[in-house]
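Okay, so here's the structure we're looking at.
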Amino acid sequence: MSKTSELVFAPELDQPVRYMERTRSYYLGLGYENPYVWAHYIDAPFTPLKKPLNQSILGLITTAVPFDASKGNQGPGAPYNAAAKFYQPYQHSIDGDIDLRIAHVGIDRKNANMEDMPCWFPLSAAQQAVKAGRIQELSPHFYGLPTNRSQRHTFEIDAPIILDMLRADHVEVAVLIPNCPVCHQSQSLLARYLEAAGISTVVMGAAKDIVEYCGVPRFLFSDFPLGNAAAKPKDPESQILNFELALRLLESAPAARTTMQSPLVWSVDPSWKLDYSNLEKLSKQEVERLRDEAEQARITARELRMQSVGN
């Protein structure tokens, strides 16, 4: 075969990160012997739109948390902050100043942006969609779903609370935006619950394997670092495009388990995909430090959970 006729492929690593495999190896490497068991379904519920989006009320559901200065560093570049975690679903008005942070979850701190809120909370894009007539209106609140490792707690306790909030606000369609690996699972479980209750949903996420393994009605996948599920930082055009794609998916998905991939590219260099929870790139001393930090974070999160919801 001549040189000019050789096939040219993309680098092997330039594919969606396998977060379930990566996190399993990471925690085994830190000394945790029982790998996490991820939620997995074959079928998924599916509720077609009951009416056009321009006649529908849309709600936004996030795993980010309102900023509380008393909880420690949560700004750009902040390390994982277990003290900022929350364990009770919440709702807040969409009016006024909103400051949501993501330091409490396991995002990609080397590559993700932690200062541009539209990257993980597409409120401005949703508001523009209302102005453009794509949506009738937004619900008066947005909603916070805890990042809960207990699938049973998410499905049996948190999801019904969120559903009650949505029904009180007459929400008919919902956009769910996760951040970390477990966030993606929690939001996927919630999407399934809401869909079975008659609310059409779409997940905007960056952990393709976790969402598809769980099985959701509609999924807009962006091949971005965790913490940037909605858009690229400082890029209003990417915010508008991705949110419009999520709306189109709500309108056009023919059945459950429909995935659409955003055409946006994070970087022409795919090596960022090797950074998240990759012990092979760390020294022995760094691994030991991370082991100590993980154990302290586990204790802090457990104490906070006990104070909030008990066992």
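Computation of the quantities below employed the complete heavy-atom set of this structure, encompassing side-chain atoms and omitting hydrogens, waters and symmetry-equivalent molecules. Heads up: numbering here begins at 1 and tracks the sequence.
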(message) Using the side-chain contact (heavy atoms from CB on, under 4.5 Å) criterion, which residues pair with Pro225? Sequence neighbours excluded.
(response) Asp108, Asn111, Ala112, Trp266, Trp272
(message) Using modelled atom types and a 3.5 Å cut-off, is there a donor and acceptor pairing between side-chain atoms of Asn242 and backbone atoms of Ala230?
(response) yes
(message) Below 30° counts as parallel, above 60° as perpendicular, anything between as tilted: where do the rings of Phe155 and Tyr193 land?
(response) perpendicular
(message) If hydrophobic clusters are built by linking Ile, Leu, Val, Met, Phe, Trp and Tyr wherever their side-chain heavy atoms come under 4.5 Å apart, do Tyr87 and Ile157 end up in the same one?
(response) no
(message) Check for me whether Arg22 meets the cation-pi criterion with Tyr276, that is, NZ or CZ under 6.0 Å from the six-membered ring centre and within 45 degrees of the ring axis.
(response) no
(message) Check for me, please, whether Val182 and Tyr32 land in the same ILVMFWY cluster - side-chain distances under 4.5 Å, paths through other members count.
(response) no
(request) Answer with yes or no whether the side chains of Asp269 and Ser267 bring together a donor and an acceptor at under 3.5 Å. (result) no
(message) Restricting to non-hydrogen atoms, name the atom on Ala229 and the atom on Ser222 that form the minimum distance, rounded to 0.1 Å.
(response) O-OG, 3.9 Å
(request) Using atom types as modelled and distance alone, determine if a side-chain donor or acceptor of Lys281 lies under 3.5 Å from a backbone N or O of Asp275. (result) no
(request) Starting at OG1 of Thr201, measure out to CZ of Phe46 and round the result to the nearest 0.5 Å. (result) 9.0 Å
(message) Hydrogens and angles aside, do Asn148 and Thr154 bring a side-chain donor and acceptor to less than 3.5 Å of each other?
(response) no
(message) Given 3.5 Å as the limit, does a donor-acceptor pair link the side chain of Asn228 with the main chain of Cys119, or not?
(response) no
(message) Do Ser70 and Asp68 pair up side chain to side chain, a donor and an acceptor below 3.5 Å, judged on atom types alone?
(response) yes
(message) Could you check whether any side-chain N or O of Arg257 sits under 3.5 Å from a backbone N or O of Glu212, counting only pairs where one atom can act as donor and the other as acceptor?
(response) yes
(message) Checking the side chain of Glu195 only, and the main-chain atoms of Thr47 only, is there a donor and an acceptor separated by less than 3.5 Å?
(response) yes
(message) Which residue is it: Asp209, Leu189, Val211? I am looking for the one with a side chain to side chain contact (heavy atoms under 4.5 Å, CB included) to His184.
(response) Val211
(message) Is it the case that the side chain of Asp99 and the backbone of Arg101 share a donor-acceptor pair, with hydrogens and angles ignored and the cut-off at 3.5 Å?
(response) no
(message) With a 4.0 Å cut-off on N to O distance, would you call Lys50 and Glu172 a salt bridge?
(response) no
(message) Check whether His40 reaches the backbone of Tyr213 with its side chain - one donor and one acceptor, N or O, closer than 3.5 Å.
(response) yes
(message) Test your reading of the model: is there a side-chain donor-acceptor pair from Ser262 to the backbone of Leu264, 3.5 Å cut-off?
(response) yes
(request) Check each of Val171, Val175, Val203, Leu194 against Ile61 using the side chain to side chain contact (heavy atoms under 4.5 Å, CB included) test, and report the only one that passes. (result) Leu194
(request) Could you check whether the rings of Tyr36 and Trp38 sit parallel, tilted or perpendicular, using 30° and 60° as the cut-offs? (result) perpendicular
(message) Main chain of Pro233, side chain of Glu115: is a donor-acceptor contact present, judged purely on distance under 3.5 Å?
(response) no
(request) Taking Arg109 for its side chain and Ala103 for its backbone only, find out whether a donor-acceptor pair lies under 3.5 Å. (result) yes
(message) According to a hydrophobic-cluster definition based on side-chain heavy atoms being under 4.5 Å apart (Ile, Leu, Val, Met, Phe, Trp, Tyr only), do Ile177 and Leu138 belong together?
(response) yes
(request) Answer yes or no: does atom CZ of Arg24 have more than 12 heavy-atom neighbours from other residues, nucleotides or ligands under 6.0 Å? (result) no
